[in-house]
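Have a look at the structure below, then the notes.
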Number of protein chains: 2
Amino acid sequence: MKDDETNDELVVAFKALGHPTRLAILGWLKDPTSFPPQDQPAETVGVCLKHIQARANVSQSTASQFMATLQRAGLVTCTRIGQWSHYQRNEEQIARLGRLIGSSV
Amino acid sequence: MKDDETNDELVVAFKALGHPTRLAILGWLKDPTSFPPQDQPAETVGVCLKHIQARANVSQSTASQFMATLQRAGLVTCTRIGQWSHYQRNEEQIARLGRLIGSSV
DNA sequence: TCGGTAAATAGCGATACTGCGATATACTGC
DNA sequence: GCAGTATATCGCAGTATCGCTATTTACCGA
C-alpha cells in the first residue's frame, strides 16, 4: 500500500516544492536553452548555478542552498565540471512523483 | 505556459503535503470505510474529524488545523452536518495536481 | 605557488510553522 | 434556556525555515 519510507521521501519532495522560488527554478530548468550560454551546453550537462542565481535574483549562498534542497529531494541532479556546478531536472523522479499523487497520496 | 497564479496555488498545495501527518491523513481518506462507523456513512459525506484526530493521535485543535490547511490547499472538502465536520478527498484537485507535476512543474 | 573565480558551508537575525491548552462558537436534546 | 458535545479559533512557547553576509573549500590559469 504505502510504506513509511515512501511517505518520508514524498514529504521531503513536497517540502522542496513548497517554495515559490524553488518551484519556479524547477520550471525554468525545463528549457535550459533559455539561459545564457556557457562552456558546456546546458542541454546536456545542466544549467550553471550562476545563471540560476541571476534569474532567481537571490544571493549566491541562497541559490546554492535552494539547489541543494532540490537535489536532496531527488528532483534535480548536479554535474560538477571544473569549478562549475550544473543542475538539471531529474525527469524520472519528477514523473514518479506525479504518479504517486493519486496512488500513494 | 505557467502563470503565477497557478504557481502560487501549487506552492500552497505542496506546503500542505509537506508534512508527514497531513500526507498520511490524505492517504487514510482513500479508504473511509476503515474508520469507525458514524451517523452518516463516511463513503458519501466524508470522515468525521474526531476519527481523523484519533488515528493521527494529535489534539483536537491540531487535527482541526491540519484539515483546515488541507482544505485551503483544495485537497479536501468539508461537509458540515449538524455538529460534525466531515472531510473527504477532493479527487478532482488531487488528480489535477498530479497532472501539473511534469507539465507546469 | 599564487591570485582569481565558483560554489559550499557556517553563523545569524527574522520570520513562519508546529502543536498544544484554553477559550469561543455552533449545534443537539431536554 | 441549559447542559453536553463537536469543532473552530486564540495565544503561546518551541522549533524549523529563510535569506543574508562572511568565510571556507575547490578549481583554474599563469
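Quantities reported herein were computed from a predicted structural model and do not represent experimental measurements. Just so we're on the same page: letters track the sequence lines, and every chain starts at 1.
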Any N or O donor-acceptor pair under 3.5 Å from the base of C:dT9 to the side chain of A:S64?
no

Between A:Q38 (CD) and C:dT5 (C1'), how many Å, whole number?
16 Å

For B:S85 and D:dA8, is the shortest distance between a side-chain N/O and OP1 or OP2 below 4.0 Å?
yes

Shortest side-chain distance from B:F66, nucleotide among C:dG19, C:dC20, C:dC17:
C:dG19

Quick one: the side chain of A:Q60 and the base of C:dA6, do they pair up donor-acceptor inside 3.5 Å?
no

The side chain of B:H19 lies closest to which of these nucleotides: C:dA7, D:dG19, C:dT18?
C:dT18

What integer distance in Å separates B:L23:CG from C:dT18:P?
13 Å

Between B:L70 (CG) and D:dA8 (P), how many Å, whole number?
12 Å

Under 4.0 Å between a side-chain N or O of A:R22 and OP1 or OP2 of D:dC18?
yes

Quick check: on DNA chain D, is the nucleotide nearest A:I81 upstream (toward 5') of the one nearest A:A63, or the reverse? Name the residue that is more 5'.
A:A63

Knowing that exactly one of B:L29, B:V47, B:N90, B:I25 qualifies, which makes a side chain to side chain contact (heavy atoms under 4.5 Å, CB included) with B:V76?
B:L29

Of the options A:R72, A:R96, A:K15, which is the one that meets A:E9 in a salt bridge (Lys or Arg N to Asp or Glu O under 4.0 Å)?
A:R96

Base of C:dT5, side chain of A:Q83 - is there a donor-acceptor contact under 3.5 Å?
yes

Donor/acceptor link under 3.5 angstrom from A:Q65 side chain onto base of C:dA8:
no

Atom pair distance, as rounded to whole Å: CZ in B:R80 and P in C:dT25:
14 Å

Grab the CD1-C1' distance between A:I25 and D:dG19 for me, whole Å please.
13 Å

Could you tell me whether the side chain of A:F14 reaches within less than 4.5 Å of the side chain of A:I101, counting heavy atoms only?
yes

Which of D:dC20, C:dA8, D:dA6 is nearest the side chain of B:K50? It is D:dA6

Answer yes if the side chains of B:Q38 and B:H51 hold a donor-acceptor pair under 3.5 Å, and no otherwise.
yes

With a 4.0 Å cutoff (strictly under), does any side-chain N or O of B:Y87 reach OP1 or OP2 of D:dA6?
no

Whole angstrom is fine here: how far is it from CD in B:Q71 over to C1' in D:dT7?
12 Å

Provide the Watson-Crick or G-U wobble partner of C:dC30, both distances under 3.5 Å; none if there is no partner.
D:dG1

If you assign each of A:W84 and A:S59 to its closest nucleotide in DNA chain D, which residue comes earlier from the 5' end?
A:S59

